[in-house]
Amino acid sequence: MAVPSPTLTAASVFADRRSRSITKTAATGRAILWLVIVWPIAWLIVLTPAVLFVHGYHPFSEDAGIYVAGVRKLVQPAFYIPDASFVLANTRLSLFAHLLAAIVRTTRMPLSYLLLLTHLASIFAFLAACWSLVRRIFSSPVAQWSAVALAGACFTIPIAGTSLMLMDPYVTARSFSTPLGLFALAAAIDHRWALTAFLLLLTGLMHPLMFIYAAAFVLLFVLVDLGRTRAAWTLNLLGILASGAIYLLTLHAPVSAAYHQAILSRSYLFPSQWAWSEYLGLAVPLLLYALALRHQDPHTPAGKLCLAAIMLGTSGTLSAFLFVHPSDSYFLARLQPLRSFHMLYLVGIPLLGGLLGKRLIGATRRSARLTGFALLTAAAVSMFFTQRFTYPLSAHIEFPRAAPRNPWEKAFVWIRANTPPDALFATNPDLVLLHDEDGQGFRVMTERSLLGDYKDEGVVVVFPALATQWALERNAQEGLDRMTDAERVARLQPLGVSWLLLSSAATTSFACPYHNLVSQVCRLTPAGPNVALGSPDTAR
């Protein structure tokens, strides 16, 4: 019987051990890959619908009514012919609407479904950007995920009195410029300059105005991070001086009466017209950053972020209060320097959440952990009820093709199904401000044209060339519900109006094929007594 060579036996044992070592190393590598990449993605996927549930979804409300109408116009150029200048204004400087329109044309996907998927993608991107930032600041996973959770809970928190939210419960260009700005900041922390510049470029392509403040924050942070704090303060001072120079150079620039009317309707542009409580939205973040900087090592990423935030917030506040007034130059008002606080909230909320997780949720005492979880829960619950108060008559989550609850939306749906595609409507120009209207966009829901209204004022502020058309159309509709039919014909027929959306309380002898408890849809041409030609909607 042959005896195995000792050399061969030792070699086989060594090979076997080496094979098992390689297998064990591969298994360890897969486990690390799961923990580092797959596990965070899984948590972000779980948190995404949770954020949707807390904050709701209203695809055609507020600014979405402007942005989505632009997408519809790009997909179907035959829409919105009379009001094309308002509808397409925001598509001039942003690729957002063009990107969504290209997806609709390529995939043939209904726009309503694409908007929901896009909103979910924006929530995921926002949470991922927050996680990308805080993992560079906090080493503890508890602190990291507490930061992400608080950011998700505060998803729609208002930014002082700027008429902005951290993120919107609908899809706009900000839905992607916001997370892109955060990703750029995270890349800057890693000194990945090419990636930082690329992400900022994408931010600018999505939303040029928000790019200005995201880029300013990143630049200030980079200077502080590289030990050029004096240069950062100098740049900050130059920003204030530049605001003053712009103010003086544009102080006597001619302003049309139409533009004057439009810009003065936006009180949030002028801090002197804010309510006292809105000033707290400026003071509290700066105070919290100052307190955090006092207790943080200034050489850590968190300390450097706090200092950059104080710089940007100080310059934005001084520029706005010194050089943005209702009676002076309006150029700086168009730039809205207090929008810089969007970046302060965007960075500050995850930082606060990380500190909450580090001090309370990650504590050994059970009472401290319970307090931390209670604070996170309170933030989410309060934002849930805030959204329900903001949209009291609309479904909390307005899914595609679902029957609307809001009576104004029901009127919009009837208009889309029963009026000619080339119909031009007139209505109360401040319709979106009615509490029971919930800010729902007429154009985007009806797919019909409308004379200039309150939402178009915001477009005019950015594009003054549209002011004359807007003022002519907006003022023609002023007091529409209180006019006589003769006044309606005299004011509106020269503008090409063929249909009216009136309140249910308005008196008219026009033929009104549709009515419900809040509204009635009428033809402009007089047609004898008011006779309902269609089934009335009695939904409350």
Side-chain angles (χ1 to χ4, degrees), residues 60-74 77 79-93 97 163 172 255-269 330 333-334 408 411-412 415-416 419 421-434 437 439-483 487-503 506 519 521-522 524:
F60 304 126
S61 69
E62 300 296 344
D63 286 357
I66 299 174
Y67 282 97
V68 179
V71 177
R72 286 198 190 279
K73 175 67 175 175
L74 293 174
F79 280 4
Y80 312 122
I81 298 297
D83 46 355
S85 55
F86 298 124
V87 173
L88 291 176
N90 282 309
T91 67
R92 299 178 192 173
L93 303 178
S163 192
T172 69
V255 178
S256 67
Y259 187 72
H260 194 265
Q261 178 187 354
I263 198 167
L264 290 184
S265 71
R266 301 286 167 163
S267 60
Y268 63 81
L269 296 175
Y330 295 137
R334 291 166 59 189
W408 287 103
F412 297 161
I415 289 171
R416 185 174 67 228
T419 62
D422 61 349
L424 174 59
F425 274 79
T427 188
N428 175 3
D430 295 326
L431 181 64
V432 295
L433 300 181
L434 299 180
E437 205 271 349
Q440 301 291 349
F442 176 93
R443 286 194 188 101
V444 69
M445 290 202 69
T446 63
E447 300 177 6
R448 300 295 181 265
S449 292
L450 177 70
L451 295 183
D453 67 351
Y454 175 82
K455 294 305 295 183
D456 294 326
E457 289 175 8
V459 175
V460 171
V461 167
V462 181
F463 301 98
L466 301 176
T468 301
Q469 178 188 352
W470 167 81
L472 175 66
E473 296 179 359
R474 194 263 179 213
N475 295 337
Q477 300 171 93
E478 181 67 30
L480 183 64
D481 290 329
R482 301 186 300 274
M483 293 181 197
E487 290 174 322
R488 291 168 181 144
V489 171
R491 285 196 188 188
L492 302 175
Q493 274 195 341
L495 299 176
V497 173
S498 52
W499 287 80
L500 306 175
L501 175 63
L502 303 174
S503 73
S519 66
V521 181
C522 309
L524 182 60

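Numbering of residues begins at 1 and proceeds along the displayed sequence. Only heavy atoms go into these numbers, but all of them, side chains included; no hydrogens, no water, no symmetry mates.
Using a cutoff of 4.0 Å between basic side-chain nitrogens and carboxylate oxygens, Asp481 and Arg488 are not scored as salt-bridged. Using a 4.0 Å cut-off between charged nitrogen and carboxylate oxygen, Arg443 and Asp83 count as a salt-bridge pair.
Separating the CZ atom in Arg448 from the OG1 atom in Thr419 is a distance of 4.0 Å, to the nearest 0.5 Å. Rounding to the nearest 0.5 angstrom, the gap separating the CG atom in Leu500 from the CG atom in Leu492 is 6.5 Å. Summarising the geometry, atom CG belonging to Leu466 is positioned 13.0 Å from atom CD belonging to Glu457; distances are rounded to the nearest 0.5 Å. To the nearest 0.5 angstrom, Asp453 atom CG is 9.5 Å from Glu473 atom CD. Leu424 contributes atom CG, which lies 7.5 Å from atom CG of Leu450 (distance to the nearest 0.5 angstrom).
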### Message
Run Asn428 and Ser503 through side chain to side chain contact (heavy atoms under 4.5 Å, CB included) and show every step you take.
### Response
CA-CA 8 Å; Asn428 175 3; Ser503 73; over 6 Å; no
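Arg266 forms a cation-pi arrangement with Tyr454, by the criterion of a distance under 6.0 Å to the ring centre and an angle within 45° of the ring axis.
Counting all heavy atoms, side chain and backbone alike, Ala467 lies closest to Ala258 at O-CB, 3.4 Å. Shortest non-hydrogen contact noted between Gln440 and Met445 is OE1-SD, 4.2 Å. Looking at every heavy atom in both residues, Ile263 comes nearest to Val461 through CA-CG2, 3.9 Å. The nearest pair of heavy atoms linking Ser85 to Gln469 is OG-OE1, 3.0 Å. The nearest pair of heavy atoms linking Val460 to Ala262 is CG1-CB, 3.7 Å. Between Gly452 and Gln477, the closest heavy-atom pair is O-NE2, 2.9 Å.
Other residues, nucleotides and ligands contribute only 12 or fewer heavy atoms inside 6.0 Å of the CZ atom of Arg482.
Only one option out of Tyr80, Phe86, Trp408, Phe425 pairs with Phe442 in a ring-ring contact (aromatic ring centres under 6.0 Å, His included); it is Phe425.
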